[in-house]
Amino acid sequence: MVDMEREIFQDSNFQALAALDMKLKDFTKTVESHLPGYTEKHRLLVGLKDFTTKISATEEKLYMVKAVGKVKGKMESEEHELINKYNSLDLKEKIQSLSSMAQELIDQGRITAEERPGLAELFAAKRAAAKTQEKPKTVEKYEQMLLSLGKAQGISHPVANLEEFFPICQELKSIERLERAPERNLSEYDRNRMKKKASLQDDQRRLERKSRMWFETSEDFHRRLQIALIELEKQKAEQAKREALEAEERKRRQEEEALEKKRQAHKEAEEKKARELEEKLEQKRQEAALKPQKAAPQAKKKEKVHRTRMNPHDFFQPPPREESPPAPEAEEAPESPEAAEEGHSTPPSTPTVPAAVTPAKPKEVAPEKPKPKEKPKAPLAPSKWGTPIDAPLESSVPEELAGPSLQEAAEQSVQATGPATAPSKPAGGAAPKKKEKKKFTKVAINQLGFDANNPNYR
């Protein structure tokens, strides 16, 4: 403790703060700027209290010398200097101001994590002593300080000139690793680096003297410096990572911009080519418009095809038969004896077509009446087999061997039988009979000549 007091009394910063020339207002500003931590303020407070005791004793001695005279009492030159430079009343005001600032740090919880355990132990001891001395107000004071100390989260004081410390400390760490490595593994470059260790340590000590807080011990400063360097190293690693990501992002944006410029240039080239082509086509159109033009042949209009809807039953009906004029009524002629002898009977009313009939010459033929006009027939649809419907079928039989047609055979039969066989016309000119509706009958398939049981058709 005596060494600490002697050391702080010899500190130039302490002497400047305790001097009579340092006013209270300047004292407060200086303490706030150079002593941000509680430990340093408390260390200054303890030193000022001890120094005030020393100054008070010197002042009392001076008072006694003046009272008894110069013969009885004698003062040293050093004591005269202390009385001329310092004053106990001024020191007491500064001690009171410094105590208020230290108490404010505790109330606000502005305590570092390293300071909290020691302060908790100190305040508990003082509370116990106050209880022993039966001082309730002092006990209450220290209990409130312990409560505020427990709520403190732990702050850290920034290290001045940390950016200058960082490369020096990193290089010293590398040199320490090289010193632990075998000598045979070191290169010339590594040996040259190891030679710079002394100069780096001098630079580090110079920065320490410049960066340490007032009344901060070397151990406290190194501990605070190491914590700050570790935090700075993490920040630099994160910053390097962010910079790498930002560089990658910038590179990607530059590539996208270059690609977009290339795409835009290609688009402009295509548009320019399209404009040039359009100009050439427009020029050719104008040249073609100046040339004499021929009248364009007009396309023939297609005639509308008129179609007739037909009934499919008309394809299976026989052609209409021409009706013969009715013969006049006459009495039936007696059968000839030749016919009776031969056993021939009178032909039926329905004419039959014999193979070869020799028509007999009738006695009298009634004059033919004019045939009624036939209704115009509907035009027949063209045959899909290429043969007109109205065209007569060509026979493959030679003309010498061909016989009379059915119509000719029927006419010959009517002439042969005479008027007796002709159908009689009703008297009084009755109206012709109406055509009856055709009737159809379902016929089994085996009656048409198909045998379902014939194995040859399977």
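Between H34 and E40 the shortest side-chain heavy-atom distance does not fall below 4.5 Å. Residues W214 and L44 are not in side-chain contact: their nearest non-hydrogen atoms beyond the backbone lie 4.5 Å or more apart. Side-chain atoms of Q96 and S99, non-hydrogen and from C-beta on, never get closer than 4.5 Å to each other. Side chains of H42 and L119 form no contact here, defined as non-hydrogen atoms less than 4.5 Å apart.
Comment: E183 engages R191 in a salt bridge, judged by a side-chain N to carboxylate O separation of less than 4.0 angstrom. Using a 4.0 Å cut-off between charged nitrogen and carboxylate oxygen, E171 and K196 do not count as a salt-bridge pair. In summary, E140 and K137 do not engage in a salt bridge, as defined by a charged side-chain N under 4.0 Å from a carboxylate O. Using a cutoff of 4.0 Å between basic side-chain nitrogens and carboxylate oxygens, D26 and K29 are not scored as salt-bridged. With respect to D90 and K94, a salt bridge is recorded, a charged nitrogen being found less than 4.0 Å from a carboxylate O. Using a 4.0 Å cut-off between charged side-chain N and carboxylate O, E249 and R253 make a salt bridge. Under a 4.0 Å N-O distance rule, the pair R43/D11 does not qualify as a salt bridge.
Here the side chain of K49 pairs no donor or acceptor atom with the backbone of I95 at under 3.5 angstrom. Remark: the backbone N or O of E93 is not paired with any side-chain donor or acceptor of S97 at under 3.5 angstrom. With hydrogens and angles disregarded, a donor-acceptor distance shorter than 3.5 Å links the side chain of R224 to the backbone of P158. A donor-acceptor contact shorter than 3.5 Å is absent between the side chain of K41 and the backbone of L98. In terms of modelled atom types and a separation under 3.5 Å, the side chain of E59 and the main chain of S88 share a donor-acceptor contact.
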Apply side chain to side chain contact (heavy atoms under 4.5 Å, CB included) to residues K54 and D50 and explain how you reach the verdict. CA-CA 6 Å; K54 183 178 180 179; D50 294 339; over 6 Å; no
Dump the intermediate steps for salt bridge (Lys or Arg N to Asp or Glu O under 4.0 Å) on K284 and E287, then the final yes or no. CA-CA 5 Å; K284 288 185 178 181; E287 291 176 358; over 6 Å; no
Begin from the C-alpha positions of N192 and E188 and carry the test side chain to side chain contact (heavy atoms under 4.5 Å, CB included) through to its verdict. CA-CA 6 Å; N192 293 332; E188 188 66 24; 3.9 Å; yes
Run the numbers on L17 and F215 for side chain to side chain contact (heavy atoms under 4.5 Å, CB included), then give the verdict. CA-CA 12 Å; L17 289 171; F215 316 115; 3.9 Å; yes
Using salt bridge (Lys or Arg N to Asp or Glu O under 4.0 Å), reason through K236 and E163 one step at a time and then give a plain yes or no. CA-CA 11 Å; K236 285 187 175 295; E163 291 292 339; 3.4 Å; yes
Under the criterion salt bridge (Lys or Arg N to Asp or Glu O under 4.0 Å), I'd like the reasoning laid out for E256 against R252: C-alpha separation, chi angles, the key distance, then a yes or no. CA-CA 6 Å; E256 289 181 356; R252 185 185 63 81; 2.4 Å; yes
Side chain to side chain contact (heavy atoms under 4.5 Å, CB included) evaluation trace for S174 with Q170: CA-CA 6 Å; S174 302; Q170 294 291 1; 5.6 Å; no
Determine whether D202 and R206 satisfy the following criterion, salt bridge (Lys or Arg N to Asp or Glu O under 4.0 Å), listing intermediate values before the conclusion. CA-CA 6 Å; D202 293 339; R206 178 180 55 83; over 6 Å; no
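We find the CD1-CG distance between I168 and D203 to be 5.0 Å, quoted to the nearest 0.5 Å. Atom CG of L225 is separated from atom CG of L162 by 7.0 Å, given to the nearest 0.5 angstrom. Within the model, atoms CD of E279 and CD of Q283 stand 9.0 Å from one another, a figure rounded to the nearest 0.5 Å. For the atom pair CE of M213 and CG of D220, the computed distance is 8.0 Å after rounding to the nearest 0.5 Å. Distance OG1/T53 to CG/L91: 10.0 Å, rounded to 0.5 Å. Atom CG of L105 sits about 10.5 Å away from atom CG of L35, to the nearest 0.5 Å.
The aromatic rings of Y142 and F123 sit tilted, their planes meeting at an angle between 30° and 60°. The aromatic rings of F221 and F165 lie tilted to each other, with the angle between the two planes from 30° to 60°.
Looking at every heavy atom in both residues, K92 comes nearest to T52 through CG-CG2, 4.1 Å. What you find for I175 and M194 is that their closest heavy atoms are CG2-CA, 4.1 Å. Nearest heavy-atom pair, S211 versus A160, reported as atom, atom and distance to 0.1 Å: OG-O, 3.0 Å. Scanning both residues, Q201 and L172, for their nearest heavy atoms gives CG-CD2, 4.2 Å. The heavy-atom pair separating H157 from P36 by the smallest distance is CE1-O, 3.7 Å. Of all the heavy atoms in A120 and L146, the pair that sits closest is O-CD2, 3.6 Å.
Shown here is E282, whose CD atom has more than 12 heavy atoms of other residues, nucleotides or ligands within 6.0 Å. Within 6.0 Å of CD on E121 lie no more than 12 heavy atoms contributed by other residues, nucleotides or ligands. Within a 6.0 Å radius of CD in E271, more than 12 heavy atoms belonging to other residues, nucleotides or ligands are found. Within a 6.0 Å sphere centred on CZ of R307, heavy atoms belonging to other residues, nucleotides or ligands number 12 at most.
Using modelled atom types, one finds no donor on one side chain facing an acceptor on the other under 3.5 Å when comparing Q235 with Q239. Between the side chains of D190 and S187, at least one donor-acceptor pair of N or O atoms lies under 3.5 Å.
Applying salt bridge (Lys or Arg N to Asp or Glu O under 4.0 Å) to E179 and the options R193, K195, K173, K197 leaves one that passes, K197.
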